[in-house]
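In the text below, chain A, chain B and the rest are named by the order of the sequence lines, each starting its count at 1.
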Number of protein chains: 2
Amino acid sequence: MATIYDVAQRAQVSPATVSRVLNGQATVDPDLAARVQTAVRDLNYRPNSVARNLRRSRTTLWAVIISDVGNPFFTALVRGVEDVGQRAGYSVVLCNSDEDPAKEARYVTAALEDQMAGVIISSSGRSANVQRLIEAGTPVVAIDRQISGTRVDSVLVDNEHGAELATAHLAEHGYRRIACITGPRTVSTAVQRLRGYQRALAAAGLEAPDSLVRHADFREDGGYAAMASLLDAGDPPDAVFAANNLMTVGAVECLVDRGVAIPAEIGVVGFDEIPGARLFRPSLTTIAQPTYELGRTAATLLAERIAEPDRPPSTVTLQTDLKIRESSQR
Amino acid sequence: MATIYDVAQRAQVSPATVSRVLNGQATVDPDLAARVQTAVRDLNYRPNSVARNLRRSRTTLWAVIISDVGNPFFTALVRGVEDVGQRAGYSVVLCNSDEDPAKEARYVTAALEDQMAGVIISSSGRSANVQRLIEAGTPVVAIDRQISGTRVDSVLVDNEHGAELATAHLAEHGYRRIACITGPRTVSTAVQRLRGYQRALAAAGLEAPDSLVRHADFREDGGYAAMASLLDAGDPPDAVFAANNLMTVGAVECLVDRGVAIPAEIGVVGFDEIPGARLFRPSLTTIAQPTYELGRTAATLLAERIAEPDRPPSTVTLQTDLKIRESSQR
DNA sequence: CTGTTAGCGCCTTCAA
DNA sequence: TTGAAGGCGCTAACAG
């Protein structure tokens, strides 16, 4: 590969001048600039950004740490981050943690070693990983999931309110034994959605026994198993609120497999939109989140923090939207 | 940040020794090694991989260039790449080209400038971008879509055969005017799937007039519009083969909106599996592709090429699988 | 406006 | 087995 010295030599100028031309910094004599441009083309020269990054001691990479890019929720979010990042000159490194704090920790280490310009993280629980980033001075934005005990830029949705809407909606449609399939106890969204569910039940004067609550893993199989467990329990529910998209699909699959009629025998509302929810049988009522916007907002916050590292952290909370379809109305 | 010199000083050794300890290269006196380890911990030292990469003139990044991570097909594929890559010590940089060759070119430039260790690309048509990578000596693997006129490691599926299966299946179920919604003319998969469709029609002794073929953009809206256009044409089809997942969903939405009964009035088969296809109304018959395996295979090929740059390029073709469900059987 | 020079942090020969 | 030293390619002071 040609280096900046090769270009300089061919253009009969100094490497510094080549650098200036390429970076459009200081003003350079048009003649020299033209010679440089020609030499660049002739040699098919491309600046080596590794060297540039070392010299400038900064990079143009963002890490996005999520639990699973296979989940359309995170997909849309990543897409939002990438669109904003690309425009600002950053590339996005994808990190699937699989809800495993150890794997998450490895990615944080990598982000640190690679001197990444920033990190957007939907953390699988422990705040220690985020702490390490902050201590190292790496700009961080928490997305979707809150970081406890640490002040950090955050982009969240109003989970509790969304869950409340979903549950209240079921209560209004006459369901009385409303169950909840939520996520892992360590994940803030799971806790908040459970709380919203409980609040709505209390407001509707309905009971909320622990026997109607399941903690699953935010995955399809987990939703399936949780639904099965609810059906097999002594006094099965007549409705279920599932706290994320994949678990909703799993729960519905379980109901279909067992021949339980939706919404006649069991009403269903899911948190987070499901691609094609409209074409499901029956179509699924969901709490829609602004996923793409979530990503865009986080990326914007990250860019701002990089530009202005000392400003106080801010939290943006986006709203959810109840999409009423067939699965919740009998 | 602490540097290797800080560690050396604290451990009373030379930077070279620290480097040796950290990289497990040459044998180092256990006493010294222990001192180094302690110093590393005390200073919370992390090697700067930007500097390391410059020195070694290689990086641990792979670019994965796809058209849209919002498409579950690419999501699964990326996931496969990341799982293999991570195990081999590589991080994955996500690049959405949006089927735009210019955007794709920008990512190729970035991959070149960032000295990426390798690129996995599902190219939006022109082979020039791949050519640039090859000329620069960057290891490349083509995935999903073929690169014409260039010998390059490739991981593909048997598109023509898959499309043939889909179309023959419709013919066997008594459909006679079978339409095809395929992708852009520049994309190899679109061309091959169209060819498979035509072959199957010929084999079944059915006509294949151009009026039954639409070229859309591989997206949901495109599928919707293409379906609408087919319905509005003089002599509408009694079945449709849609050449990718999102267009299938779009086509079905169009049929639902217009009250056209599936599979009674129109039979539907889609290429590529759709998450939740089983829960759709009606459930959708599809040609399933081994998406995750596609990604894993490409990543494995890339790792092998990096290890052995001069070996001849190889092409792996994976098979598809017809998943018969309700939408194609009247 | 342009060139010279030093050094970002690390690894790796080379010599001891 | 260990240390000294050079240089990966680039940019940013500093001179001129």
Side-chain angles (χ1 to χ4, degrees), chain A residues 1-37 39-40 43-61 89 109-110 112-117 136-138, chain B residues 1-37 39-40 43-61 89 109-110 112-117 136-138:
Chain A
M1 275 307 285
T3 74
I4 202 170
Y5 288 94
D6 301 326
V7 175
Q9 194 167 13
R10 188 170 237 271
Q12 307 275 39
V13 296
S14 74
T17 297
V18 177
S19 176
R20 289 185 189 107
V21 171
L22 292 170
N23 295 293
Q25 302 278 10
T27 41
V28 177
D29 183 280
D31 275 6
L32 295 194
R35 260 154 55 198
V36 168
Q37 300 286 15
V40 163
L43 296 172
N44 190 24
Y45 168 75
R46 304 223 159 278
N48 178 328
S49 25
V50 178
R52 168 181 290 170
N53 291 339
L54 176 60
R55 179 59 234 245
R56 290 185 176 162
S57 51
R58 60 199 162 82
T59 68
T60 55
L61 287 176
T109 300
L112 254 20
E113 294 186 349
D114 291 352
Q115 319 289 115
M116 298 224 185
T138 302
Chain B
M1 275 305 286
T3 74
I4 201 171
Y5 288 93
D6 301 327
V7 175
Q9 191 168 17
R10 189 171 236 271
Q12 306 274 40
V13 297
S14 75
T17 298
V18 177
S19 174
R20 290 187 187 106
V21 171
L22 292 170
N23 294 294
Q25 302 280 10
T27 42
V28 176
D29 184 282
D31 276 6
L32 294 195
R35 262 160 46 201
V36 168
Q37 301 286 16
V40 164
L43 296 173
N44 190 26
Y45 168 75
R46 303 220 161 280
N48 178 329
S49 26
V50 177
R52 169 180 289 170
N53 292 339
L54 176 60
R55 176 60 233 243
R56 291 184 175 163
S57 53
R58 59 194 162 85
T59 67
T60 55
L61 288 177
T109 301
L112 253 17
E113 294 186 348
D114 292 352
Q115 318 289 114
M116 299 223 184
T138 301

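- Contact of B:R20 with D:dG3 (side chain to base): a donor-acceptor pair of N or O atoms is detected under 3.5 Å.
- Put simply, CG on B:D29 is 5 Å from P on D:dT2, counting in whole angstrom units.
- Taking only side-chain nitrogens and oxygens, A:T3 never comes nearer than 4.0 Å to OP1 or OP2 of D:dG9.
- Nearest nucleotide to the A:A51 side chain, out of D:dG9, C:dT12, C:dT4: D:dG9.
- Between the CD atom of B:Q12 and the P atom of D:dT2 there is a distance of 14 Å, given to the nearest Å.
- Between B:S57 and B:P15, it is B:P15 whose nearest contact on DNA chain D lies nearer the 5' terminus.
- Looking at the side chain of A:T27, the nearest of the listed nucleotides D:dC10, C:dG3, C:dC1 is C:dC1.
- DNA chain D is contacted by both B:Y5 and A:Y5; B:Y5 maps to the nucleotide lying nearer its 5′ end (nearest heavy atom per residue).
- Under the 4.5 Å side-chain criterion, counting only non-hydrogen atoms from C-beta, B:V18 is not in contact with B:Y5.
- Inspection of the B:T59 and B:N53 side chains reveals no N or O donor paired with an N or O acceptor under 3.5 Å.
- In this structure, A:L54 atom CG and C:dC11 atom C1' are separated by 13 Å, rounded to whole Å.
- Atom pair A:N48:CG and C:dC8:C1' shows a separation of 13 Å (rounding to whole Å applied).
- Atom CD of A:Q9 is separated from atom P of D:dG9 by 14 Å (rounded to the nearest Å).
- A:V50 comes within contact range of no nucleotide atom at all, as no heavy-atom separation falls under 4.0 Å.
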